[in-house]
Amino acid sequence: MLLISCPNCGSRDETEFHYGGQAHVPYPENPNELTDRQWAEFLFYRDNTKGAFAERWLHSTGCRQWFNMLRDTVTYDIQAVYPMGTPRPDAPAPAPESGTASTAADSTTTGTAAPDISGTSTSETSTTAPEGATK
Amino acid sequence: MAETAAPATSYEKNLSLRVTPAAQLRAAFETGSVQGVVELSEVSFLTMVGLRVNRTSDTGQRVTAVTGGLPAACGAVSGTGDTSVLWLGPEEFLVVAPTEAHESLGGDLIQALREALGDGEGQVVDLSANRTTFELTGPRSRAVLEKGCALDLHPRVLKAGTALSTEIGNIPVVLWKTGEETFRIFPRASFADFLGRWLLDAMREYASPEVP
Ligand SMILES: [Zn+2]
């Protein structure tokens, strides 16, 4: 079981949390202009990173607040916990598996610093192309 | 319960018909309690109000004046007299007050909170029926809770006067340490029966002599 450090409540059992999927996936600025393919990619396509992965978590049994977390999907090492709406922190010192770690960082940093407030649908940011949501 | 003295009005009749979520366990709580070791009871019908407000805003200040404080951080409890405010989240609190504070019994707490909120951002919701209250007390109460709660309950970490949202026996609860050996546990009504039985089971070993 993971021990997750909630920014509000401190260290708690993983069972008190819910996983919220990949972080930094901005809502498309003009959803109506998307093709079905692009919309499907926004809705359903996510990175499958091996290594450091930025993801959203909800402390559902505690303070009921969302936060972002940088977690290594191989070692489960939690590298950073940071607030919603703030950019992904720089990846810490490279993990032993340097090869996979570098591609992983590459694929997830495309998500911008969009204030992606707990997955709600507002996105007043100037993130550009709708198709860029997950690519 | 209801069939004793004939109530004078439908209002009194309604009150007399109220049943607590763990009323069916009352006898079991009595027989399962080990006097002076660990005792379990249900506290009936406390008034509880869900409060969502930014405590530093003007609205928050007005609400603070009614409750006698809003706690600032996880675990903190504030309040005055017999009204307590438990921290649930950065802008979410649970007000706990005696039964008589409820407006159905002539109390003015909820109305005062509503007026303090006014049209400011936030909400005041009567949640008195949402949760029931268990009181677990005695020198073994911590040992009972430790069977199903992952928090560090040792007194050097968990001080009396601290309230935390967590899980006990996989049930989401608010756990409030009200005294050195006394805990109040707030499970939602639908979990009260399960958690009551879970606690009774966890208490059972303390009725027997300790195995050296
Ligand atoms: Zn929390």
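We name chains A, B, ... by the order of the sequence lines, and we start the count at 1 in each one. Please read all numbers here as calculations on a predicted model, not as lab measurements.
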Undergrad: Atom CG of residue position B/Asp58 - does it have more than 12 heavy atoms of other residues, nucleotides or ligands inside 6.0 Å?
TA: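 No - once you tally the heavy atoms of other residues, nucleotides and ligands closer than 6.0 Å, there are 12 at most.
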Undergrad: A quick test of your reading: do over 12 heavy atoms of other residues, nucleotides or ligands sit less than 6.0 Å from CD of B/Glu103?
TA: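 Yes, CD of B/Glu103 has more than 12 neighbouring heavy atoms, counting only those of other groups under 6.0 Å.
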Undergrad: With heavy-atom distances below 4.5 Å as the criterion, would you say the side chains of A/Arg64 and B/Leu88 are in contact?
TA: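 Side chain of A/Arg64 against side chain of B/Leu88, heavy atoms only: no contact under 4.5 Å found.
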Undergrad: Tell me, for A/Glu16 versus chain B, whether the close heavy atoms (under 4.5 Å) come from the side chain, the backbone, both or neither.
TA: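 A/Glu16 touches chain B through backbone and side-chain heavy atoms alike.
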Undergrad: Decide if atom OH of A/Tyr19 counts as having more than 12 heavy atoms of other residues, nucleotides or ligands within a radius under 6.0 Å.
TA: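 Correct, the count exceeds 12.
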Undergrad: Does atom CG of B/Asn14 have more than 12 heavy-atom neighbours from other groups under 6.0 Å away?
TA: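 More than 12 heavy atoms, drawn from other residues, nucleotides or ligands, come within 6.0 Å of this atom.
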Undergrad: For the residue pair A/Thr15 and B/Glu167, what are the closest heavy atoms and their distance?
TA: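 Looking at all heavy atoms of both residues, the shortest contact is O-OE2, 3.2 Å.
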Undergrad: Compare every heavy atom of B/Thr166 with every heavy atom of A/Thr61, then report the nearest pair and how far apart it is.
TA: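 Looking at all heavy atoms of both residues, the closest pair is CG2-O, 3.5 Å.
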Undergrad: Could you state the interatomic distance from CD (B/Glu91) to SG (A/Cys63), rounded to the nearest 0.5 Å?
TA: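 Atom-to-atom, B/Glu91:CD and A/Cys63:SG are 12.0 Å apart.
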Undergrad: For the residue pair A/Asn8 and B/Cys74, what are the closest heavy atoms and their distance?
TA: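 Where A/Asn8 meets B/Cys74 most closely, the heavy atoms are O-CB, 3.4 Å.
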Undergrad: How close do A/Gln65 and B/Pro90 get, heavy atom to heavy atom, and via which atoms?
TA: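 Result for this residue pair: CG-CD, 3.5 Å.
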Undergrad: Would you mind checking which part of B/Glu92 comes under 4.5 Å of any heavy atom in chain A, side chain (CB onward), backbone (N, CA, C, O), both or neither?
TA: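 When you check distances to chain A, only side chain atoms of B/Glu92 fall under 4.5 Å.
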